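Reviewing the structure listed below.
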2 protein chains.
Amino acid sequence: MNEPVAPGRVGDVRRRNLSLVLDSIARTPDAKPSRAQLSAATGLTKAAVSSLVADLVESGLVSEVGLYRDGERGRPGVGLELSTRRGVVGMEINVDYLSAGLLDLGGTLRIHRTLESGNRGQSPESVMSLLAGLVSDVAAEASAAGIMLLGGGLAVPGLVDSAAGTVATAPNLHWHGVALQLDRLLPDAPFGTVLHNEANCAALAELWYGHGLDFRDYLFISGEVGVGGGLVIGSELFAGPRGQAGEVGHMVVEPSGPDCSCGGHGCLESFAGQEAIFAEAGIAPGAASERLARLGEHLASGDPAALTAVARAGHYVGIAAASTARLMNLSAVVLGGHFTQMGPWIAPAVVESLADYAPGVVSPARVAVSELGQSAALLGAAGIALRSVLASPFSLTTSG
Amino acid sequence: MNEPVAPGRVGDVRRRNLSLVLDSIARTPDAKPSRAQLSAATGLTKAAVSSLVADLVESGLVSEVGLYRDGERGRPGVGLELSTRRGVVGMEINVDYLSAGLLDLGGTLRIHRTLESGNRGQSPESVMSLLAGLVSDVAAEASAAGIMLLGGGLAVPGLVDSAAGTVATAPNLHWHGVALQLDRLLPDAPFGTVLHNEANCAALAELWYGHGLDFRDYLFISGEVGVGGGLVIGSELFAGPRGQAGEVGHMVVEPSGPDCSCGGHGCLESFAGQEAIFAEAGIAPGAASERLARLGEHLASGDPAALTAVARAGHYVGIAAASTARLMNLSAVVLGGHFTQMGPWIAPAVVESLADYAPGVVSPARVAVSELGQSAALLGAAGIALRSVLASPFSLTTSG
DNA sequence: CTATTTAGTTTTCAACCTGAACTATATTGT
DNA sequence: ACAATATAGTTCAGGTTGAAAACTAAATAG
């Protein structure tokens, strides 16, 4: 009950306004706004904006980029943009690969390296060592390009405790209750590295770089080995009480359904997880990516077993989405992960199921398939880091 | 995307700290803290607390209550408490009755009046007139007791838009898209009257005056004519994108289930709504309260039809709760509304169902039955108003 | 080349918290 | 009784901050 609410101090005002100005610059990536425009956009006086911008320029987060001349009368303003000489690193540990990438403050992915690596069952230490090597390559390249790294985000396919930097459970990696040495990855970055759930990262990537531009509230459902998800409410990720919300894979969609590895019955994952779809479609065992490709071929050639398998998965995804939409008053659904490859076949089944179980709640036009590729989680993790920098620029300021 | 984030001004600091101090006083209802204790609790200096308290006392929200002598050495502090001479009004429009009550700032329900009234199908204007009469009685009593009314909250069984003060749809009242004249109810109260959903109000009452003292995160499921609900996350109501989250009644719990009035199939309401339970239990038609009483008798006497009907409702409530708990990472469930009367029979079924479909997520000890009576929604509505006063005391201050 | 318009800076001022010194009022020990 | 001590609360100087308004800077229009 007794949350330690910090007292408001005079300095808080500046902290907030620094972030407000920085955010205003970030929201207009093309315009390169002048101080005067920022003053109008934020409601702060020109004097205040000047003072705040001076701090931001000094800290290196913002650059002046020549005159902003638009043919109008009067003195031209000086264009401002987020510095492209500051960046954050997005990282991903997945079952089959590791990856790391550099996102500059402007939101451009400047570097992206992937390393094939079978991580299932490997020790966290050895995987982290591999990742640290990959990251140091990226860091070296960034350094060569004159880009200073401020922080990073790491996406892991499992339930995580971001605050503690621990992985509670990552079934597909066979990790349980491991504390990751996040400090190793970016030892010099002032904001450090923060751990996040992979599906949540992908949901956020979708928000910032995908369909989030159209939808403010949606359920993101990501097919992987399991079925993960993320809830975006008001253009923000809903993380839940312990940061582990969005686990749509174990919603009950068929009370009389088969037993699930979680101990329950009739979970969505039993119908829409990779193994379930492959089995139903008659795809022989093998590497996941290869089986997925074969499923795609079967679908394209109209194979009935594949078509029914995917339609069944879509049907149950629709049921889970219908319940979620009703419960949380959501109006859109975005499909990601392996569902993207089945997009043309699974989306109609989801639409039909939604129309059947929750008519009028999610219109067909608001069932979308992600267009971000395999980099979604990495982009999301980097984006989280980027936004945490933009949210608290004060610490980089001389007085911070 | 472009949320109008207000710039931070110097005065915001005081606004926040006024609320912080007021909140600190509210959190210690028994202790009647001194300024020095508040200083320690909030982290503000004694000087700042003194200045803030002076404003709060002047505005009438806080009273000094004699010396705080605890046998220790040193000058005794002056006890502070939320004024019992300021209050808010909770109001409820339901199918069978209207009610209004006065909650003082200390959180004590001082007055509570109920008026039997068949409101189903009545015009909003006539119902509001009846309610306004009831409220003016309460206001007169408050005035006689020297209590100044600051604001009010009105609970209505339907989907509402609180900001606009409109009822989107209240099926059981037969209201659709009506704008309520909330200003009529408490014309002199500086904070006005705010409209809320009944189930959400009940969920909040549970939070503030019921099991919320034990649980920080839970799903509240309220059986009424329909099945409503409320999601409490981190001791706060999760309202959703348009303030209409928590509609657990239309989650899909049985894909092959019967058609529902919402247009879907297999909704929870089809199994756990009043009509469904009465029909299954073989309770003849009649007034709702009377049928509920008869159901209670049948249950107590061990009537098999009644027992299976309630067990079946509990089974499906458990499925919906399991899905919700998984999706949102919740760990507790509170049953309210008509489920309270069936508590001893329905709770075990819910527990069993949860253990079956989401083992280890919600422990049996965390399935609770509400102990608040019919006044839950009213208490919640009043509590919302009370908290909005405590959150923005600045407007009552001389400088506000 | 002056008037006008827009950008950005400087100056003055008020709000408000901190920190330290100070006053007020109690208990304890002799 | 009375000094010592401890705790509560107030007063006042100091520093940070943004608002408001005056001012400087730099462009275009005629």
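Numbered from 1 within each chain, the chains take letters A, B, ... in sequence-line order. Owing to the predicted nature of the structure, the values given are computational and were not obtained by experimental measurement.
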Note to self: Check this one for me: any side-chain N or O of B/N17 less than 4.0 Å away from OP1 or OP2 of C/dC16?
What the structure shows: no
Note to self: Please report the distance, rounded to the nearest Å, between CG in B/L52 and C1' in C/dC17.
What the structure shows: 9 Å
Notebook entry, point to check: Would you say C/dA7 has OP1 or OP2 under 4.0 Å from some side-chain N or O of A/S50?
Noted result: no
Check: Taking atom types as modelled and ignoring hydrogens, do the side chains of A/R110 and A/T84 form a donor-acceptor contact shorter than 3.5 angstrom?
Finding: no
Check: Counting only side-chain N and O atoms of B/R9, is one of them less than 4.0 Å from OP1 or OP2 of D/dT17?
Finding: no
Next item on the list: Check B/L56, B/L22, B/V389 against B/L82 for a side chain to side chain contact (heavy atoms under 4.5 Å, CB included) and give me the one that passes.
Entry: B/L22
Check: If you find the nucleotide of DNA chain C closest to A/G8 and the one closest to A/A36, which residue's nucleotide is nearer the 5' end?
Finding: A/A36
Margin query: Between A/S395 (side chain only) and A/S392 (backbone N and O only), is there a donor and an acceptor less than 3.5 Å apart?
Written below: yes
Next item on the list: Quickly work out the A/L38 CG to D/dG18 C1' distance and round it to whole Å.
Entry: 16 Å
Margin query: Could you tell me how far apart A/D55 (CG) and D/dT16 (P) are, to the nearest whole angstrom?
Written below: 12 Å
Note to self: Distance check needed: C/dA15 P versus B/D12 CG, whole Å only.
What the structure shows: 14 Å
Next item on the list: Answer yes when A/R16 and A/D12 have at least one side-chain N-carboxylate O distance shorter than 4.0 Å, and no when they do not.
Entry: no
Check: For the side chain of B/K46, counting heavy atoms from C-beta on, which of C/dC16, C/dT18, D/dA8 is nearest?
Finding: D/dA8
Next item on the list: Looking at every strand, decide which applies to B/V10 at a 4.0 Å heavy-atom threshold: base, sugar-phosphate, or nothing.
Entry: base
Notebook entry, point to check: A/V21 pairs by side chain to side chain contact (heavy atoms under 4.5 Å, CB included) with which of A/I25, A/D23, A/L18?
Noted result: A/I25
Next item on the list: Identify, between B/Q37 and A/L18, the residue whose nearest nucleotide on DNA chain D lies closer to the 5' end.
Entry: B/Q37
Notebook entry, point to check: Would you call A/E236 and A/R387 a salt bridge, using N to O less than 4.0 angstrom?
Noted result: no
Next item on the list: Take atom CZ of B/R14 and atom P of D/dT17, then tell me their distance rounded to the nearest Å.
Entry: 19 Å
Check: Among residues 73-81 of chain B, which residues get a heavy atom nearer than 4.0 Å to DNA chain D?
Finding: B/R73, B/G74, B/R75, B/P76, B/G77, B/V78
Checklist line | Distance-only polar pair, side chains of A/R14 and A/S51, donor-acceptor under 3.5 Å | finding: yes
